[in-house]
J.: 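The structure under discussion is supplied below as structure tokens; questions concerning it will follow.
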Amino acid sequence: MDALLPVIKPGLVHLPASTLRDHALLFFGSGRMVKHLNPIRIPKITNVKAEAHKQVSTAPIIDFRDPDWKSKYELDFEARFNIPHITDVLPDAVSYPSTFCLKMRTPVSPDFAEGYPSDEEWHGYINNNDRVLLKVIRYSSPTSAGAECIDPDCTWLEQWVHRAGPREKIYFKPEDVKAAIVTCGGLCPGLNDVIRQIVITLEIYGVKKIFGIPFGYRGFSDKSLAEMPLSRKVVQNIHLSGGSLLGVSRGGPSVSDIVDSMEKRGINMLFVLGGNGTHAGANAIHEECNKRRLKVAVVGVPKTIDNDILLMDKTFGFDTAVEEAQRAINSAYIEAHSAYHGIGIVKLMGRSSGFIAMQASLASGQIDICLIPEVPFNLHGPHGVLSHLKYLLETKGSAVVCVAEGAGQDFLEKINAKDASGNIILGDIGVHMQQETKKYFKGIGFPADVKYIDPTYMIRACRANASDGILCTVLGQNAVHGAFAGYSGITVGICNTHYVYFPIPEVIAQPKVVDPNSRMWHRCLTSTGQPDFV
Ligand SMILES: Nc1ncnc2c1ncn2[C@@H]1O[C@H](COP(=O)(O)OP(=O)(O)O)[C@@H](O)[C@H]1O
Ligand SMILES: O=P(O)(O)OC[C@H]1O[C@](O)(COP(=O)(O)O)[C@@H](O)[C@@H]1O
Ligand SMILES: [Mg+2]
């Protein structure tokens, strides 16, 4: 399907910002865009779902006739990725020398009358002008696999984002800080690791008042839920188990009620652990604080097992989920392989993004068919999944299918319901596939032994593996550094193996999805050997 890019005036192309930076593969056809007088079509954007989301974010205007369009684009990018600071609304906010110094773990003076002691020799701080490159591949042609091009020549554009880490100047005196941590949405391996590291780092800065808000945003309004005092002692071993020490929830009070509650409690640093929805809330809280001219730092740490947050290499918990999924896939494989004409079906999480299913299939090497929300497929018909399953039984004797929960929703009756956060409640594609598979083979009188495994909540509830443990630790530390540096309305992430701060709106403009034209999806197809089911 073609995507339409409206021309504002001849030669002036209005591109959704996210089109410029995300995973869709853009082919610009022949000739330069500036020659078109009619709306420009960019063929071959196969991810229609992703494109639909893309209309929401800000839309820079690029005039490719302008010889300076490249530098203008880069400047515009710099502005978009500027990270909000409390001095934007409170220009008189005072800074102090940082109390975070590894050679001096606790502040020596209780009242800091002479300012905070710091170690001049310690080169452990990040300069505010340090930047990390967001995109590191220089594509020579729009036809290169996975190419993300802005113009037909695929011009190299520098897209810099802010480097995360401790700053030499801080905007909060530790003794004036009341910090709160809240975890929202569904569970995700590593939540406790992040909570633990935020608490430990806050204590290193010298903060004494640290609290957990129980059960997500609900904890701000539910009078029966008391704040949970946190300290290194409380959090020391919490990373040894999954879940969240603080509890999670969906839905909850309005943003203005949350900020009222924060004001009442005297919270001036808020660490928000959650996904797209939570971050939308965090950004709204940050904006409400700005409106009320409150000196508050709101910092997010992206939590999503689905890995559906834009611009980062990955989110914490994702690696663990992929690893844990191996157990389910292997069991399905053993069952299928040991049965006469055995078929194993495994459903994995992924509401709108098939990252877990794709990576878990790739990692296992045991999957014959991987189905994700981003790639349409037919179940029935000569090119459908079911007839391929028959072929696999005939040729291999068994087959294993991995299906993401958001895949094939068109086959299911719409539930027309939403959860407390407003997320659409999906039909169960795993159960549907199990039933359809059984029905199909019975119908054609071909023996098949179908086993279905749904490990979704088991995967989500487990503790983080070692690589996620490290990621959580660094993200948690950087969240605290960002708050002390006076940034607010930001979130932390890993980008090309470096740690960065992003302005929240840029990472939640739409869910990150698997690009069906990406090398990774092609690798997955190479591994499964599956055909197109269309
Ligand atoms: N657009 C929004 N503005 C403010 N709060 C939101 C928004 N979307 C979701 N939330 C709140 O964020 C929390 C978590 O959202 P949810 O979608 O359940 O999980 P996740 O953050 O993992 O995507 C819920 O308490 C929900 O009410
Ligand atoms: O049953 P629950 O708790 O609503 O969670 C189900 C959802 O949780 C997820 O794992 C993650 O969703 P969130 O990132 O919104 O927490 C989705 O894949 C899944 O649809
Ligand atoms: Mg979500």
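All values derive from a computational prediction rather than experimental measurement.
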J.: Hey, does I195 have a side-chain heavy atom less than 4.5 Å from the side chain of T183?
T.: yes

J.: For the residue pair D468 / T320, report whether a side-chain donor-acceptor contact shorter than 3.5 Å exists.
T.: yes

J.: For the CG atom on D532, are there more than 12 heavy atoms of other groups (residues, nucleotides or ligands in this structure) within a distance under 6.0 Å?
T.: no

J.: Can you list the steps and then say if I267 with F220 is a side chain to side chain contact (heavy atoms under 4.5 Å, CB included)?
T.: CA-CA 11 Å; I267 293 167; F220 279 110; 4.1 Å; yes

J.: Quick check against the 3.5 Å criterion: does R293 have a side-chain atom that pairs as donor or acceptor with the backbone of V89?
T.: yes

J.: Has the side chain of D419 got a donor or acceptor atom that lies under 3.5 Å from a matching backbone atom of G422?
T.: yes

J.: Do Y73 and D66 meet the criterion of a side-chain donor-acceptor pair at a distance under 3.5 Å?
T.: no

J.: Could you point out which residue of V492, V507, N307, I508 forms a side chain to side chain contact (heavy atoms under 4.5 Å, CB included) with P302?
T.: V492

J.: Less than 6.0 angstrom from the centroid, inside 45 degrees of the normal: does K512 satisfy that with respect to the ring of F355?
T.: yes

J.: Hey, does the side chain of Y139 reach the backbone of A145 with a donor-acceptor pair shorter than 3.5 angstrom?
T.: no

J.: How many angstroms lie between atom OG1 of T278 and atom CD1 of I504, to the nearest 0.5 angstrom?
T.: 10.0 Å

J.: About how many Å separate CD of Q359 and SG of C402, when rounded to the nearest 0.5 Å?
T.: 11.0 Å

J.: Can you see which heavy atom on T143 is nearest to which on S141, and at what distance?
T.: OG1-OG, 2.6 Å

J.: Taking N465 for its side chain and S467 for its backbone only, find out whether a donor-acceptor pair lies under 3.5 Å.
T.: yes

J.: Say you draw a straight line from CZ of F318 to OG1 of T304; how long is it, rounded to the nearest 0.5 Å?
T.: 9.0 Å

J.: Set out, in order, the CA-CA distance, both residues' side-chain angles and the distance that settles side chain to side chain contact (heavy atoms under 4.5 Å, CB included) for T473 and L475, then state yes or no.
T.: CA-CA 6 Å; T473 300; L475 295 177; over 6 Å; no

J.: Can any side-chain N or O of S527 pair as donor or acceptor with the backbone N or O of R523 at less than 3.5 Å?
T.: no

J.: Please tell me if the side chains of P97 and E168 come closer than 4.5 Å, counting only heavy atoms from C-beta onward.
T.: no

J.: Would Y501 and H162 count as a ring-ring contact (aromatic ring centres under 6.0 Å, His included) here? Give the steps.
T.: CA-CA 5 Å; Y501 295 135; H162 288 245; 8.3 Å; no

J.: Got F316 and C188 here, is their nearest side-chain heavy-atom distance under 4.5 Å?
T.: yes

J.: Check this for me, if you would: do D319 and K314 make a salt bridge, where the nitrogen-to-carboxylate-oxygen distance has to be below 4.0 angstrom?
T.: yes

J.: Measure the distance from the SG of C154 to the SG of C149 and say whether it is below 2.5 Å.
T.: yes

J.: Between the main-chain N or O of N423 and the side-chain N or O of S421, is there a donor-acceptor pair closer than 3.5 Å?
T.: no

J.: List the steps, then state whether side chain to side chain contact (heavy atoms under 4.5 Å, CB included) holds for Y205 with H481.
T.: CA-CA 9 Å; Y205 271 93; H481 295 319; 2.7 Å; yes

J.: Quick one: are F77 and K72 in side-chain contact, heavy atoms under 4.5 Å?
T.: no

J.: Cationic tip of K295 within the cone over F172's six-membered ring, i.e. under 6.0 Å and within 45° of the normal?
T.: yes

J.: For T201 and Q197, work out which heavy atoms get closest and say how close.
T.: OG1-O, 2.7 Å

J.: Identify the two heavy atoms, one from V94 and one from Y171, that lie closest to each other, and give their separation to 0.1 Å.
T.: O-CD2, 3.5 Å

J.: Check whether any side-chain heavy atom of R196 lies under 4.5 Å from a side-chain heavy atom of N192, and answer yes or no.
T.: no

J.: Can you tell me how far apart CG (L348) and CD (E405) are? Round to the nearest 0.5 Å.
T.: 9.5 Å

J.: For P373 and G350, which heavy atoms make the closest approach, and how far apart are they?
T.: CG-O, 4.0 Å

J.: So, do V161 and F502 sit near enough that their side-chain heavy atoms are less than 4.5 Å apart?
T.: yes

J.: Which distance, rounded to the nearest 0.5 Å, do you find between the CG of D193 and the CD1 of I238?
T.: 8.0 Å

J.: Let me see the working for I62 and D76 under side chain to side chain contact (heavy atoms under 4.5 Å, CB included), right down to the final yes or no.
T.: CA-CA 10 Å; I62 302 176; D76 173 72; over 6 Å; no

J.: For the residue pair I126 and G165, what are the closest heavy atoms and their distance?
T.: CG1-CA, 3.5 Å

J.: Could you tell me whether E287 and K291 make a salt bridge, using a distance below 4.0 angstrom between a side-chain N and a carboxylate O?
T.: no

J.: Which value, rounded to the nearest 0.5 Å, describes the distance between D92 atom CG and T87 atom OG1?
T.: 10.0 Å

J.: Answer whether the closest heavy-atom distance between the side chains of S98 and Y125 falls below 4.5 Å.
T.: yes

J.: Look at R460 together with E324 and state whether they make a salt bridge at an N to O cut-off of under 4.0 Å.
T.: no

J.: Below 4.5 Å, heavy atoms only, C-beta onward: do L311 and F81 meet side chain to side chain?
T.: yes

J.: Tell me, yes or no, whether the heavy-atom count around I424 atom CD1, taken from other residues, nucleotides or ligands under 6.0 Å, exceeds 12.
T.: no

J.: Answer yes or no: is there a donor N or O on one side and an acceptor on the other, between the side chain of K303 and the main chain of G317, under 3.5 Å?
T.: no

J.: Under a plain distance cut-off of 3.5 Å, with no hydrogens placed, do H279 and T491 share a side-chain donor-acceptor pair?
T.: yes

J.: Look at the side chain of E74 and the backbone N and O of E158, then say whether any donor-acceptor pair between them is shorter than 3.5 Å.
T.: yes

J.: May I ask you to decide if G146's main-chain N or O and D515's side chain share a donor-acceptor pair within less than 3.5 Å?
T.: no

J.: Between S95 and I170, is there a donor-acceptor pair closer than 3.5 Å when you use the side chain of the first and the backbone of the second?
T.: no

J.: Using every non-hydrogen atom in the two residues, find where N129 and N127 come nearest and quote the distance to one decimal.
T.: N-OD1, 2.8 Å

